[in-house]
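Below is one structure; the comments refer to it alone.
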There are 2 protein chains.
Amino acid sequence: MGMSVTIKTIAQKAGVSAAAVSKALNGSPDIGAATREKILSLCAELGYTRNQAARSLVTNRSSTLGLLIPDISTPIYPEIFKGLDAQAKKRGYRIFLCDTNRTISMEEDYVRILLEQRVQGIVIAPVSNDVSHIQRIVRGRVPILYIGGKVNDEMENYVATDNQMGSRLAISHLVDLGHRRIAMICDNYGTKTKKDRIAGYRAEMTAKGLDPWIVAGGSDHPEGMEYGYRMFRNLFDLSASEAKAARPSAIYTSSDMVALGVMKAAAELGVKIPQDISLVGYDDIMFASLPTVMLTTVAQPRFELGRLAIDLLCKAMEPSPQVETHRATLEPKLILRSTTRKI
Amino acid sequence: MGMSVTIKTIAQKAGVSAAAVSKALNGSPDIGAATREKILSLCAELGYTRNQAARSLVTNRSSTLGLLIPDISTPIYPEIFKGLDAQAKKRGYRIFLCDTNRTISMEEDYVRILLEQRVQGIVIAPVSNDVSHIQRIVRGRVPILYIGGKVNDEMENYVATDNQMGSRLAISHLVDLGHRRIAMICDNYGTKTKKDRIAGYRAEMTAKGLDPWIVAGGSDHPEGMEYGYRMFRNLFDLSASEAKAARPSAIYTSSDMVALGVMKAAAELGVKIPQDISLVGYDDIMFASLPTVMLTTVAQPRFELGRLAIDLLCKAMEPSPQVETHRATLEPKLILRSTTRKI
DNA sequence: TTGAAAGCGTTACCAG
DNA sequence: CTGGTAACGCTTTCAA
């Protein structure tokens, strides 16, 4: 194993100084075209590869951003990663992805690791509403931009989505179709995100002169699919004795996963969607577009989220930021598929 | 903005040398317990964070492995990443994930970047069967371990799954249920993976004294869901004029995505699964377990894949590898759900 | 047990 | 335009 080829190796072979090689490599104008050519071809020939560690050390720039997410196998994150990745690339940054496994301790570990890597900024979809453990470690040494469902105003910089508007879009659509008995099934309602979705639902129902009908369990209740499954069964068991007219004609859920649970329960109970009941979800996870699912749902613009997040983070990274906080809220939109129908 | 706190800062404040701090930080035995304590508490107090770039530079170890995948939003990869990540962590490595967007040029770019980062090994799920462009860049400077559907024996180190066995499991199950007319719909059959799945199907059918019935289009045909959709419609249009008995009673597909296409077509044609026809997929993507899908399918042990891949890569990374190539093949297993039925 | 000194590969700053 | 020279922050001898 011969010594690896460094800038010095090249310099020697080319009969120039290390400084000259560095300049040629970095496209500096302070070098003659002839020398540059010579150096560059020599680099190609010898298979020279820059040592990023050495560069980072001296320039104090790693050209790397960190990304912390709770779980990459949760349907929404792969696309968010891609959005962030694409935009970061445009701006000359690499993204270092860390999956925290929904664990505070891993979140802490990774933040420390990212700090050791000297990332220039971090995008975090935090595990919990409270991010004080993160702040405590970072101590403001690196700008952080928060994204995801746990975002709230305690956080300095964030990109959120307008969850109230999302609900309003969903309800408005159902009302347009003639529905008046619209129940909302909401899991996990402690988070800001879910609170907003509920608020939007309530506001739009009221605006249309309808009575809100909210099914939302405590934090000890199951989440996602399991929750939707149980609550829908509940809803129908309870109304079983009553007239059929007392049932909701449409269900709006706090997430697609909850909607999936509803679908499962409905199938078991012989309730047809959308013939017997209309259903609208939230998130537009990949499943929602499957031929066997085709769920009408509220989508957040994921690519746009990535773009915005990186742009805001970069603003926060500037030597003397113009403003104190960097925040943005994205507008969701309704994706019409096959689980809603005129009544 | 004061100077960041370095090992020197600590050394000064503690009244010791930089070397001493380094030793304390790295748990070296060559240092007194008292001095160590003093140094450590000072580090905590001042919020000292190691500079990984500087460490890498001098130790020539980045403690980082690269991972190249074609598309993180493809259902199978998030879990593979997690498996790899977990195992790498156990061995003290971080994983740098690169999404190549199914693009040869990005694959090349990222390989170069990883080389610049001085990753100590790379796991690659390549975009194409041919990986010569990667070899050309890497020049053997870093060990590579290949995974994924494109793996073939041209590649030095790899972890594959036994696709022949997967098919045999599927067919054997269908035969046990009484099926004799079992068609296989296979997209994208140019790859080693798909060839093996076909071979396994053929072998098992023959072993059971049944006639293989293979539907496999050329490379110009669509892939995945679209392919399954079209081929299933084809199959039924063709057999529409014939007796119903001439139709297959079961379909085995080369992937879950193809099976999803079949389900869509079947739904449109009024063919009930599994009442009218049984269906088995391959891959066990997350969708497969959805309540509205519940697809019986062949699964590769993804976590095991991650473990093995990292272990083999680490073997290949050892100074003087024991053997030339590092290869392993994993055994798939059949996941029984609700799309197959006794005939 | 401790520390001084020598690098690791690169860039930045000047003086030629 | 070019090339020494001095950092960057750390680890690793080796001598005390």
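We name chains A, B, ... by the order of the sequence lines, and we start the count at 1 in each one.
Nucleotide D/dA7 holds its P atom 17 Å from the CG atom of B/L57, rounded to whole Å. The distance between atom CD of B/E37 and atom P of C/dT2, rounded to the nearest whole Å, is 13 Å. Protein atom CD1 of A/I7 is 12 Å distant from nucleotide atom C1' of C/dA12, rounded to whole Å.
Across its full length, the helix from C/dT1-D/dA16 to C/dG16-D/dC1 shows an angle of 40° between the axes of its 5 terminal pairs at either end, rounded to 10 degrees.
Contact annotation for A/N26: backbone-only contact, meaning every heavy-atom pair under 4.0 Å involves sugar-phosphate atoms and none involves a base. Here B/T35 lies in heavy-atom contact (under 4.0 Å) with sugar-phosphate atoms only. At the heavy-atom level, B/D30 lies under 4.0 Å from base atoms of the strands shown. Contacts of B/A19 with the nucleic acid, taken as non-hydrogen atoms under 4.0 Å apart, include base atoms.
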Enumerate, atom names and distances included, each donor-acceptor pair closer than 3.5 Å involving a side-chain atom of residues 19-26 of chain B, sequence neighbours excluded.
| unit_1 | atom_1 | unit_2 | atom_2 | d |
| --- | --- | --- | --- | --- |
| B/S22 | OG | B/N26 | ND2 | 3.4 |
| B/N26 | OD1 | B/R55 | NH2 | 3.2 |
| B/N26 | ND2 | B/S22 | O | 2.9 |

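Taking only side-chain nitrogens and oxygens, A/T6 never comes nearer than 4.0 Å to OP1 or OP2 of C/dG9. Between B/N51 and D/dC8 there is no side-chain N or O to OP1 or OP2 distance below 4.0 Å. Contact check, B/R55 against D/dC10: no side-chain N or O comes under 4.0 Å of OP1 or OP2. Neither OP1 nor OP2 of D/dT11 sits under 4.0 Å from any side-chain N or O of B/T59.
Note on residues 147-156 of chain A: pairs passing side-chain hydrogen bond (donor to acceptor under 3.5 Å, both in side chains), not counting sequence neighbours, are A/D153-A/Y158.
One N or O on the side chain of B/E107 and one on the backbone of B/V127 form a donor-acceptor pair closer than 3.5 Å.
Electrostatic pairing of A/E304 and A/R307 counts as a salt bridge here, judged by a charged N lying under 4.0 Å from a carboxylate O.
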